[in-house]
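Inspection log for the structure reproduced underneath, given as structure tokens.
Small disclaimer: the values here were computed from a predicted structure and weren't measured.
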Amino acid sequence: MTESHILRPYGDTTGDGMVQLSFTLPMAHSKVAEGAAAQLANKMGMDPAMVVHAKAMGPDYTFFVVYGRVNHLVDTGKVQVVERDYPLLTPKEVNLAIRKGLRRRLVVVGGCIGTDAHTVGIDAILNIKGFAGEKGLEYYRELKVVNLGAQVSVPQLVERARAEKADAILVSQVVTQRDAHILNTKEMSAAFRESYPRDKQPLLIVGGPRFDESMAAELGVDRVFARGTTPAEVASYMVEQLVTRRVTGGSGTGRKAS
């Protein structure tokens, strides 16, 4: 259990409660627009609320940065997050675990589904060049990685997963307008439930900057990774679920590697 600490935001001096907020209003830049921004921030609990930056975004929109004081406190003992509940392995340890536990390569199929054409996230995890100084999953000898790239339809993803006998599916979603990432993920998880017996479903993993890591059950997937996730974290999670728990007979997700 997390030790409880009561915190107040910090701006200029410790505990002064100062915060910075940015947003866009559908108004042309003017004194009235700046007053509207200050009024909005004030209604959100900032008092005083000072507009420290305003920039026209075309003829009909204005971007604002507002600085001000809030009276809210944070109790860290009540903060709920998804902690990593598995050991972080090196590439050597991942390869050894798969070789000893599966006695074959672990198959990963990944891509961006729907109309999402932003492959930077999936490439950071899958491509050998990797992310944040770490090699991607293509670097791991005991992983077979199939990167389908951008704008993959859900039927295409399911079909390729079956053809490759995928153990895990990795989907990245960057486009989030109108909750597209939520809708696409739910469509994907439903398609895999319909296409596979429960004990044969591949591990479903999604990630992106706007995902809430606590939403895995709601989305029908096994794990949600948020921004900043590294290839080693994904590889270690797959080993934990598909190799370690299978060998030790742990409960895991109730799914087996194909």
Side-chain angles (χ1 to χ4, degrees), residues 1-85 112 114-122 124-125 131-133 171-186 206-219 221 223-230 233:
M1 182 176 179
T2 304
E3 185 178 352
S4 183
H5 292 284
I6 304 301
L7 304 178
R8 188 187 299 275
Y10 161 81
D12 299 316
T13 59
T14 302
D16 61 10
M18 302 298 285
V19 299
Q20 183 170 286
L21 175 69
S22 64
F23 53 87
T24 300
L25 288 180
M27 297 178 65
H29 182 213
S30 66
K31 287 290 186 180
V32 173
E34 291 191 15
Q39 182 186 106
L40 175 63
N42 190 257
K43 288 184 176 181
M44 296 172 68
M46 296 177 68
D47 186 20
M50 299 167 284
V51 176
V52 296
H53 177 75
K55 182 176 178 60
M57 306 290 287
D60 301 316
Y61 296 86
T62 307
F63 173 77
F64 297 98
V65 176
V66 181
Y67 187 64
R69 180 181 294 107
V70 296
N71 294 316
H72 304 295
L73 303 176
V74 175
D75 184 349
T76 60
K78 296 181 179 179
V79 174
Q80 296 183 350
V81 296
V82 177
E83 298 280 7
R84 177 166 55 82
D85 53 359
C112 302
T115 59
D116 201 328
H118 300 76
T119 61
V120 63
I122 196 69
I125 300 299
F131 168 72
V171 165
S172 172
Q173 291 281 264
V174 175
V175 174
T176 59
Q177 286 89 342
R178 298 183 179 180
D179 287 337
H181 60 308
I182 301 295
L183 299 175
N184 288 340
T185 301
K186 288 184 176 180
V206 298
R210 293 281 296 277
F211 278 111
D212 182 341
E213 291 177 298
S214 66
M215 292 180 64
E218 179 183 339
L219 296 174
V221 300
R223 189 81 177 197
V224 175
F225 285 108
R227 67 186 185 281
T229 299
T230 64
E233 290 177 300

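Between Tyr67 and Val52, the shortest heavy-atom distance links the atoms CB-CG1, 3.8 Å. Taking every heavy atom of both residues into account, Val32 and Met27 meet most closely at CG1-CE, 4.0 Å. Closest approach of Thr62 to Ala28, counting heavy atoms only: OG1-C, 3.3 Å. Residues Asn184 and Gln173 approach most closely at ND2-OE1, 2.8 Å, considering heavy atoms. Minimum heavy-atom separation, Ser22 to Phe63: CB-CZ, 3.7 Å.
The distance from the CE atom of Met57 to the CG atom of Leu25 is 12.0 Å, given to the nearest 0.5 Å. Rounding to the nearest 0.5 Å places CG of Asp212 at 9.0 Å from NE2 of His181. Here Asp75 contributes atom CG and Leu7 contributes atom CG; the two are 8.5 Å apart, rounded to the nearest 0.5 Å. We find the CD-NZ distance between Gln80 and Lys78 to be 11.0 Å, quoted to the nearest 0.5 Å. Taking CZ of Phe225 as the reference point, atom OG of Ser172 lies at 12.5 Å (rounded to 0.5 Å).
Classified by interplanar angle (parallel below 30°, tilted 30° to 60°, perpendicular above 60°), the ring pair Phe23/Phe64 is tilted.
Panel note: side chain Glu233, backbone Thr230; a donor-acceptor pair is recorded below 3.5 Å. Without hydrogens or angle criteria, Ser30 side chain to Ala33 main chain gives a donor-acceptor distance under 3.5 Å. Using a distance-only test at 3.5 Å, with no hydrogens or angles considered, a donor-acceptor pair links the side chain of Asp16 to the main chain of Gly11.
Looking at Arg69 and Pro48, their side chains come closer than 4.5 Å, going by heavy atoms from C-beta outward. Counting heavy atoms from C-beta on, the side chains of Met46 and Val19 come closer than 4.5 Å. Using a 4.5 Å heavy-atom cutoff, the side chains of Gln20 and His53 are not in contact.
Other residues, nucleotides and ligands contribute over 12 non-hydrogen atoms within 6.0 Å of the CZ atom of Arg84. In this structure, Tyr61 places its OH atom where only 12 or fewer heavy-atom neighbours from other residues, nucleotides or ligands lie under 6.0 Å away. Environment of CE in Met215: crowded, with over 12 heavy atoms of neighbouring residues, nucleotides or ligands closer than 6.0 Å.
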(request) Could you walk me through whether Arg227 and Arg210 pass side-chain contact (heavy atoms from CB on, under 4.5 Å), step by step? (result) CA-CA 8 Å; Arg227 67 186 185 281; Arg210 293 281 296 277; over 6 Å; no
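Take Arg223 and apply the salt bridge (Lys or Arg N to Asp or Glu O under 4.0 Å) test, not counting sequence neighbours, and it matches Asp85.
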